[in-house]
Structures are given as structure tokens and as C-alpha cells.
Amino acid sequence: MVNEDSLNQKLLHSLYQNSEDALLILRKDFTIIDANNAATALFGLNGEELVGRKFSELAEKYQFKSNKLFDLIGGNTLPLTDKQSFEVS
């Protein structure tokens with residue numbers, strides 16, 4: 001008998017890792033604790049190089065353009081309906 005929870009976890013992990021979008025999992029202090037394959041490709045760093053960094057380091061290095069992004073880094077919150085994205089220059 002196959003454990004349904006185990007299958008669901010494997011499916012979610014596969015969706016996360018194989019997403020075409022760069023996804024990072026952050027702690028409340030914006031320290032990166034995981035990055036999917038698209039994120040490692042975007043930043044040109046492997047997962048070990050990303051984990052433990054502050055997201056603000058990447059934002060500064062890659063000059064992300066979004067006031068809302070920097071509001072988040074500063075600890076401010078955004079409404080869930082706000083879908084503004086950022087660009088890598």
C-alpha cells in the first residue's frame with residue numbers, strides 16, 4: 001500500500017523543483033533556506049551557494065527594480081492582492 005501523504009509530498013517537491021519560475025523559500029528574516037532549479041539557473045549559483053544568504057544580497061547584486069520588493073526586505077507587508085513583479089536588469 002502506497003502512503004498518500006508521501007506521494008503528495010513527492011508531487012509538491014517535483015512541482016517546486018521543476019517550476020519554470022525561480023522560487024526561493026525564505027525565513028522571516030529573509031535568509032534563503034531553499035532554492036529551486038530555476039532560481040539556481042537565474043542567479044548562476046548552486047543551492048549550497050544560495051542557502052544561508054540574505055535575499056537583500058541578491059536584490060542588491062542583481063539590481064531588482066521594485067519599491068515593493070524593498071518594502072518586503074525592510075519588514076513591511078504587502079496586501080495579498082498586490083501582484084507587482086520585479087525585473088532583473
Side-chain angles (χ1 to χ4, degrees):
M1 185 167 149
V2 176
N3 182 337
E4 188 174 329
D5 286 339
S6 177
L7 283 175
N8 288 337
Q9 287 178 351
K10 288 179 182 179
L11 175 61
L12 286 174
H13 181 74
S14 178
L15 290 170
Y16 167 73
Q17 280 299 338
N18 297 307
S19 172
E20 291 181 12
D21 295 320
L23 302 172
L24 299 171
I25 299 175
L26 309 172
R27 289 192 177 109
K28 287 182 180 182
D29 68 355
F30 293 95
T31 300
I32 299 168
I33 58 174
D34 197 18
N36 73 349
N37 295 332
T40 60
L42 173 68
F43 296 114
L45 302 169
N46 66 41
E48 291 175 2
E49 293 170 318
L50 284 170
V51 170
R53 286 181 182 238
K54 295 283 189 180
F55 183 75
S56 57
E57 293 176 39
L58 297 177
E60 290 172 15
K61 180 176 180 180
Y62 294 94
Q63 300 176 3
F64 293 149
K65 297 177 181 177
S66 172
N67 291 336
K68 295 189 185 281
L69 177 66
F70 288 105
D71 283 345
L72 284 173
I73 292 169
N76 299 320
T77 59
L78 297 175
L80 292 176
T81 57
D82 193 329
K83 296 182 180 179
Q84 182 173 344
S85 61
F86 56 88
E87 299 174 1
V88 177
S89 53

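This chain uses plain numbering: 1 for the first residue, then up along the sequence.
Looking only at side-chain heavy atoms (C-beta outward), L50 and L58 come within less than 4.5 Å of each other. Put simply, the side chain of L45 reaches to within 4.5 Å of the side chain of R53, judged on heavy atoms. By the 4.5 Å heavy-atom criterion applied to side chains, H13 and K10 are not counted as neighbours. Put simply, the side chain of I25 reaches to within 4.5 Å of the side chain of Y16, judged on heavy atoms. Residues I33 and L26 fail the side-chain proximity criterion, which asks for heavy atoms closer than 4.5 Å.
Atom CG of N18 and atom CG of N37 lie 6.0 Å apart (nearest 0.5 Å). To the nearest 0.5 angstrom, D29 atom CG is 9.5 Å from S56 atom OG. Atom CD in E4 sits 11.5 Å away from atom CD in Q9 (nearest 0.5 Å).
Closest of all the heavy-atom pairs between A39 and L23 is CB-O, 3.7 Å. A pairwise comparison of heavy atoms in Q17 and N36 identifies OE1-CA, 3.6 Å as the closest pair. When all heavy atoms of T40 and A35 are compared, the pair lying nearest together is CG2-CB, 4.4 Å.
One hydrophobic cluster, built from ILVMFWY side chains closer than 4.5 Å, holds both F30 and L24.
D21 contributes no side-chain N or O that, together with a main-chain N or O of A38, makes up a donor-acceptor pair within less than 3.5 Å.
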